2 protein chains.
Amino acid sequence: MDELDEKVLRHLVRDGRATFAQVGDAVGLSASAVKRRVDRLVESGALRGFTAVVDPAALGWRTEAYVEVRCDGPVAPAELRRRLVEIPEVVEAVTVTGRADALLRLLAADVQHLERALERVRDELDVAATESVIVLSRLLDRARPGT
Amino acid sequence: MDELDEKVLRHLVRDGRATFAQVGDAVGLSASAVKRRVDRLVESGALRGFTAVVDPAALGWRTEAYVEVRCDGPVAPAELRRRLVEIPEVVEAVTVTGRADALLRLLAADVQHLERALERVRDELDVAATESVIVLSRLLDRARPGT
DNA sequence: CATGAAACTATATAAGC
DNA sequence: GCTTATATAGTTTCATG
């Protein structure tokens with residue numbers, strides 16, 4: 001994991017479908033050298049994969065919210081995960097320090113849909129309390145190009 | 001934006017470097033038909049681009065936090081954005097409803113580094129109060145493959 | 001040990017239908 | 001939207017510093 005690897009990664013974060021030759025031009029390597037590095041980065045796990053960045057609004061998901069969830073009693077993260085994957089509106093979930101057990105990011109078509117998704121969250125988990133904020137605008141997202 | 005487009009997008013979210021032929025096999029189209037749809041999806045903005053999914057830990061970013069920020073007085077989102085892009089540790093930022101003005105996601109090497117980044121946030125913005133939670137584990141991330 | 005050049009295969013791309 | 005033809009890129013091999 002040297003400086004060249006980081007440059008390769010930076011370039012691929014900017015354009016996940018860049019050709020090896022394009023990356024090579026940017027970092028000063030041949031295409032085959034870039035390919036070998038990319039293969040190694042994938043192998044080592046530093047590069048987890050490639051993905052398309054989709055505008056949620058184009059799919060009709062126009063309402064976004066962050067929800068802090070506090071559960072009744074102790075909850076195993078694995079169990080939490082198992083239940084949350086069942087709710088498609090939950091697109092991101094982490095366990096956190098502090099009063100809350102988990103922080104969720106939800107995408108829904110509208111606030112009515114969001115409310116139904118939240119009900120489902122409360123049903124699936126043994127929720128003691130939730131605290132939600134609705135996203136007004138996205139200012140910054142370094143992991144996604146074109147924002 | 002029909003059902004086929006959604007299937008194409010789903011496939012490209014799973015594998016952002018899939019060939020058009022691979023996508024075509026999965027959705028029942030020829031490679032060139034897939035390419036035209038992808039071009040159109042990019043053109044329309046539904047598909048914002050492609051990116052590499054990098055493991056932050058592999059780059060030495062092992063500490064993640066969410067920070068609610070409340071500012072002194074009114075703040076224009078554009079101004080907020082301008083100041084936050086200057087702080088590399090801030091990888092995501094949204095404006096939200098409720099007491100807080102913004103919700104930030106920060107990545108740092110360790111808690112010491114996180115603390116310094118938070119100080120910088122407080123300096124750059126006219127912060128009245130912050131409330132931070134540190135991420136313990138990531139349960140789910142639908143936007144990123146291999147998680 | 002990593003690289004670059006070259007040969008070979010697969011894919012992207014554009015034009016026809 | 002599919003098929004075909006051609007340009008471009010991915011992939012493997014191998015010789016080199």
Side-chain angles (χ1 to χ4, degrees), chain A residues 1-61 141-147, chain B residues 1-62 88 107 109 141-147:
Chain A
M1 194 60 195
D2 59 7
E3 200 186 314
L4 239 47
D5 283 329
E6 291 196 26
K7 279 190 188 173
V8 169
L9 287 179
R10 241 195 310 279
H11 200 278
L12 287 172
V13 166
R14 246 203 340 247
D15 179 5
R17 276 180 92 92
T19 66
F20 293 137
Q22 286 173 325
V23 178
D25 283 346
V27 306
L29 284 176
S30 70
S32 56
V34 172
K35 177 191 172 357
R36 269 192 301 266
R37 279 174 182 269
V38 170
D39 287 346
R40 191 160 42 77
L41 286 166
V42 170
E43 184 64 30
S44 74
L47 215 185
R48 286 218 280 255
F50 298 89
T51 189
V53 182
V54 177
D55 179 9
L59 293 164
W61 306 83
D141 195 342
R142 299 199 129 100
R144 277 170 266 242
T147 320
Chain B
M1 194 61 198
D2 59 6
E3 200 187 314
L4 240 49
D5 282 329
E6 291 195 25
K7 279 190 187 173
V8 168
L9 287 178
R10 237 194 313 278
H11 199 279
L12 287 172
V13 166
R14 243 201 344 243
D15 179 6
R17 274 181 94 92
T19 66
F20 293 137
Q22 286 173 324
V23 179
D25 282 347
V27 306
L29 284 174
S30 71
S32 57
V34 171
K35 178 189 169 1
R36 266 204 301 271
R37 279 175 183 268
V38 170
D39 286 346
R40 192 160 42 74
L41 287 165
V42 170
E43 184 63 31
S44 73
L47 214 186
R48 285 217 280 254
F50 297 90
T51 189
V53 182
V54 177
D55 180 8
L59 292 164
W61 307 84
R62 296 197 165 77
L107 279 180
D141 196 343
R142 299 201 127 102
R144 278 170 265 240
T147 323

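Computed from a predicted structure; not experimentally measured. So you know, we letter chains A, B, ... as the sequences are listed, proteins then strands, and number each from 1.
- Residue D39(A) contributes atom CG, which lies 12 Å from atom P of dT3(C) at whole-angstrom precision.
- Of the possible donor and acceptor atoms, one in the side chain of R17(B) sits under 3.5 Å from a partner among the backbone N and O of A18(A).
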message: If you apply the rule side-chain contact (heavy atoms from CB on, under 4.5 Å), what do you find for L59(B) with L9(A), and how did you get there?
response: CA-CA 10 Å; L59(B) 292 164; L9(A) 287 179; 4.2 Å; yes
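- Rounded to an integer number of Å, the gap from CZ of F20(A) to C1' of dA6(C) is 18 Å.
- With D5(B) contributing its side chain and D2(B) its backbone, the two residues share a donor-acceptor pair below 3.5 Å.
- Look at CD on E3(B): it is 13 Å from P on dG1(D), rounded to the nearest Å.
- Where R17(A) and R36(A) each meet DNA chain D at their nearest nucleotide, the meeting point lying more 5' is that of R17(A).
- Here dT11(D) presents its C1' atom at 17 Å from CZ of R40(A), a figure rounded to the nearest Å.
- Considering K7(A), M1(A), E6(A) in turn, K7(A) is the only one that fulfils the side-chain contact (heavy atoms from CB on, under 4.5 Å) rule with E3(A).
- Among the protein residues, S30(B) comes within range of the nucleic acid bases, having at least one heavy atom under 4.0 Å from a base atom.
- We find that CG of L29(A) is positioned 15 Å from P of dG10(D), with the value rounded to whole Å.
- One atom, CG of D25(B), and another, C1' of dT11(C), lie 13 Å apart when rounded to the nearest Å.
- With dG10(D), dC2(D), dT3(C) as the choices, the nucleotide that has an atom nearest any side-chain atom of A33(B) turns out to be dC2(D).
- For a distance-only test at 3.5 Å, the side chain of S32(A) fails to qualify as a donor-acceptor partner of the base of dT11(D).
- Between K35(B) and dT13(C), a side-chain N or O to OP1/OP2 separation shorter than 4.0 Å is present.
- Position along DNA chain C of the nearest nucleotide to D2(A) versus A31(B) favours D2(A) as the more 5'-ward residue.
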